[in-house]
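Both counts, for ligands and for their atoms, begin at 1 and track the order of listing.
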Amino acid sequence: MTVLITGASSGFGAASAERFAAAGEKLILAARRKDRLEELAARLRDKTAVHVVELDVRDRAAVFALPGALPSEFADVSVLVNNAGLALGLEGAAEADIEDWEVMVDTNIKGLMYMTRAFLPGIVSRGGGHVVNLGSVAGSWPYPGGNTYGGTKAFVQQFSRNLRNDLAGKNVRVTNIEPGMCETEFSVVRFEGDHDKAAKVYEGMKPLTGEDIAEIIFWVTSLPPHVNVNQLEVMPVAQSWSAFSVSRDA
Ligand code: NDP
Ligand code: 8X3
């Protein structure tokens, strides 16, 4: 496999890089924070070949230039892990910052679309591969303040299903991984660097780890080639659903 992981500078992406490297798979690591990628790559290079790319997935021109700009040794991407993404804010829809909404749409929806559209022709022409998307439980289940973040992940869920139809007969697997609470930098980003507020999200419970999700991403890609996991929802044992909210005498 040649595995391209977006958002490899942190969380699921970095943990997945470690997991694929442990199996000796060739890696392309992309994110905006190149220094982080270089540090990670330096650690992984004794296990496998690693190419680092400074990339903002919102930059359409940069994304579409990437397949043609990869060194020949890394050009045959077979697994695309569309992991780059973020949540910003937890305010209700009447109070939320419209700029935050734009960034989430541009990253989680448009960035993922760009990467997929840019790399699929090569994956198809080389006889097949695997697109692994990072959705979320928020794509299926609403929660207060989830508004646009949940909407972007609902897009990822339905886009993933539709890709399966478009790619029928092309030997390309598509999987949408839908995690629940996982302690990465996700909440620090959501709360604009407020580490205390982020830590409170996971207080008194055992969240998933980046390594848990990396193991799942690696597992779906290493199943026999005729097996396609369409959708995989995973939560920590400590997380489940809540009752419907009912406003009385409002
Ligand atoms: P992290 O914040 O730890 O990592 C997010 C990664 O995305 C970083 O490497 C960041 O790199 C990258 N990224 C963000 N914006 C861009 C951009 N514009 N261009 C390129 N890379 C970008 O969070 P997680 O690892 O937890 O999140 C990974 C994915 O999993 C996201 O899509 C998230 O929505 C999803 N998810 C997370 C859950 C959780 O509870 N943690 C649960 C369900 C889904 P950089 O800043 O260097 O560009
Ligand atoms: C991240 C999980 O529950 O914070 O996608 O939306 S949640």
Side-chain angles (χ1 to χ4, degrees), residues 4-18 28-40 52-60 62-63 66 81-90 100 102-115 132-157 159-160 176-193 195 197-198 200-202 205-214 216-217 231-236 238-242:
L4 193 167
I5 304 172
T6 65
S9 59
S10 170
F12 303 165
S16 300
E18 302 259 10
I28 303 162
L29 307 181
R32 292 167 300 178
R33 288 171 292 177
K34 196 177 182 195
D35 51 336
R36 292 262 201 123
L37 297 177
E38 294 287 11
E39 263 174 50
L40 177 61
V52 158
V53 181
E54 181 177 344
L55 179 73
D56 186 331
V57 294
R58 295 170 297 176
D59 183 342
R60 187 166 114 181
V63 169
L66 186 57
V81 183
N82 274 322
N83 165 73
L86 77 176
L88 292 173
L90 200 54
D100 286 349
E102 298 261 12
V103 173
M104 288 188 278
V105 167
D106 288 347
T107 310
N108 302 356
I109 297 182
K110 293 173 74 178
L112 183 140
M113 261 168 36
Y114 296 161
M115 288 298 300
V132 181
N133 292 329
L134 264 297
S136 167
V137 292
S140 299
W141 313 109
Y143 60 81
N147 44 66
T148 294
Y149 177 69
T152 66
K153 294 302 186 180
F155 169 86
V156 175
Q157 182 184 88
F159 186 61
S160 303
N176 188 33
I177 310 281
E178 303 176 351
M181 294 168 79
C182 182
E183 193 164 12
T184 57
E185 291 180 13
F186 177 83
S187 291
V188 176
V189 171
R190 174 171 244 171
F191 299 127
E192 295 176 320
H195 285 263
K197 200 168 169 184
K200 283 211 163 40
V201 172
Y202 311 104
M205 58 84 69
K206 188 168 174 55
L208 298 170
T209 65
E211 289 69 28
D212 295 329
I213 302 304
I216 291 169
I217 293 171
Q231 193 169 342
L232 195 157
E233 184 178 271
V234 51
M235 285 178 179
Q239 182 181 25
S240 60
W241 298 271
S242 192

Check whether any side-chain heavy atom of Trp141 sits under 4.5 Å from a side-chain heavy atom of Glu178, and report yes or no. no

Atoms of ligand 1, numbered as shown, that sit under 4.0 Å from any heavy atom of Ser9: 8 (C), 9 (O), 10 (C), 11 (O), 45 (P), 47 (O)

Could you tell me which non-hydrogen atom of Ala84 sits nearest to which non-hydrogen atom of Thr6, and how far apart they are? N-OG1, 2.9 Å

Keeping the roles fixed (side chain from Ser187, backbone from Arg190), state whether a donor-acceptor pair exists under 3.5 Å. no

Other residues, nucleotides and ligands only: do more than 12 of their heavy atoms fall within 6.0 Å of CZ on Arg60? no

So is there a nitrogen or oxygen of Pro179 less than 3.5 Å from a nitrogen or oxygen in ligand 1? no

Distance alone, cut at 3.5 Å: any donor-acceptor contact between the side chains of Asn176 and Asn133? no

For the 3.5 Å polar cut-off, considering only N or O atoms, please tell me whether Gly7 and ligand 1 meet it. yes

Taking atom 28 (C) of ligand 1 as the reference point, the nearest protein heavy atom with its distance: Asn83 OD1, 3.1 Å

List ligand 1 atoms under 4.0 Å from Asp56, heavy atoms only on the residue side. 17 (C), 18 (N), 19 (N)

For Glu38, look at atom CD and say whether over 12 heavy atoms of other residues, nucleotides or ligands are found less than 6.0 Å away. yes

At their closest point, which heavy atom of Lys153 faces which heavy atom of Ser136, and how far apart are they? CG-CB, 3.6 Å

Taking the side chain as C-beta and beyond, is there a heavy-atom pair between Ile213 and Cys182 under 4.5 Å? yes

Check whether any side-chain heavy atom of Arg58 sits under 4.5 Å from a side-chain heavy atom of Glu102, and report yes or no. no

Nearest-neighbour protein heavy atom for atom 5 (C) of ligand 1, which is reported as residue plus atom name and distance: Gly85 O, 3.7 Å

Step-by-step side-chain contact (heavy atoms from CB on, under 4.5 Å) determination, Thr209 to Asp212: CA-CA 5 Å; Thr209 65; Asp212 295 329; 3.1 Å; yes

Which of the atoms of ligand 1 are close to Gly11, meaning less than 4.0 Å from one of its heavy atoms? 3 (O), 25 (O)

Within less than 4.0 angstrom of ligand 1, does Gly180 place any heavy atom? yes

So is Thr6 in contact with ligand 1, going by heavy-atom distances below 4.0 Å? no

Counting from 1 in the order shown, the ligand 1 atoms closer than 4.0 Å to a non-hydrogen atom of Ser10 are 1 (P), 3 (O), 4 (O), 8 (C), 9 (O)

Atom 40 (O) of ligand 1: nearest protein contact (heavy atom, Å): Cys182 N, 3.1 Å

Per-atom filter on ligand 1: closer than 4.0 angstrom to a heavy atom of Arg58 are 18 (N)

Is any side-chain heavy atom of Leu134 less than 4.5 Å from a side-chain heavy atom of Val156? no

For atom 26 (O) of ligand 1, the closest protein heavy atom turns out to be Thr184 OG1, 2.5 Å

Measure the shortest side-chain to side-chain distance between Met115 and Leu55 over non-hydrogen atoms and say whether it is less than 4.5 angstrom. yes

Consider ligand 1: state whether an atom of it lies below 4.0 angstrom from any non-hydrogen atom of Lys153. yes

Residue selection (non-hydrogen contact nearest atom 22 (C) of ligand 1) among Pro207, Ala31, Ala84: Ala84

Could you tell me whether the side chain of Phe12 reaches within less than 4.5 Å of the side chain of Thr184, counting heavy atoms only? yes

Nearest protein heavy atom with distance in Å, relative to atom 14 (C) of ligand 1: Arg32 NH2, 3.4 Å

Just which atoms of ligand 1 are under 4.0 Å from any heavy atom in Leu55? 19 (N), 20 (C)

Looking only at N/O atoms, are Leu134 and ligand 1 under 3.5 Å apart anywhere? no

Any idea which heavy atoms bring Leu29 and Ala17 closest together, and the distance? CD2-CB, 3.7 Å

List the steps, then state whether side-chain contact (heavy atoms from CB on, under 4.5 Å) holds for Arg36 with Ser10. CA-CA 8 Å; Arg36 292 262 201 123; Ser10 170; 3.9 Å; yes

Pairs under 3.5 angstrom, nitrogen or oxygen on both sides, ligand 2 versus protein: list them out, please.
| unit_1 | atom_1 | unit_2 | atom_2 | d |
| --- | --- | --- | --- | --- |
| ligand 2 | 5 (O) | Ser136 | OG | 2.5 |
| ligand 2 | 5 (O) | Tyr149 | OH | 2.6 |
| ligand 2 | 6 (O) | Tyr143 | OH | 2.6 |

If we only count heavy atoms from C-beta on, is the Leu90 to Tyr149 side-chain gap below 4.5 Å? no

Looking at ligand 1, is there an atom of it that comes within less than 4.0 Å of some heavy atom belonging to Gly135? yes

So for ligand 1, is Glu185 a polar contact partner (N or O within less than 3.5 Å, distance only)? yes

Compute the shortest N/O to N/O distance between Val57 and ligand 1 and return yes if it is under 3.5 Å, no if not. yes

Evaluate the side-chain proximity of Glu233 to Val137: yes if any heavy-atom separation is below 4.5 Å, no if none is. yes

Determine whether any heavy atom of Arg36 lies closer than 4.0 Å to an atom of ligand 1. no

Considering only heavy atoms of Tyr149, which atoms of ligand 1 have at least one such atom less than 4.0 Å away? 33 (C), 34 (O), 35 (C), 36 (N), 44 (C)

For residues Gln157 and Ser140, is any side-chain donor paired with an opposing acceptor at under 3.5 Å? yes

Considering heavy atoms of the protein only, find what lies nearest to atom 27 (O) of ligand 1 and give residue, atom and distance to 0.1 Å. Phe12 CD1, 4.2 Å

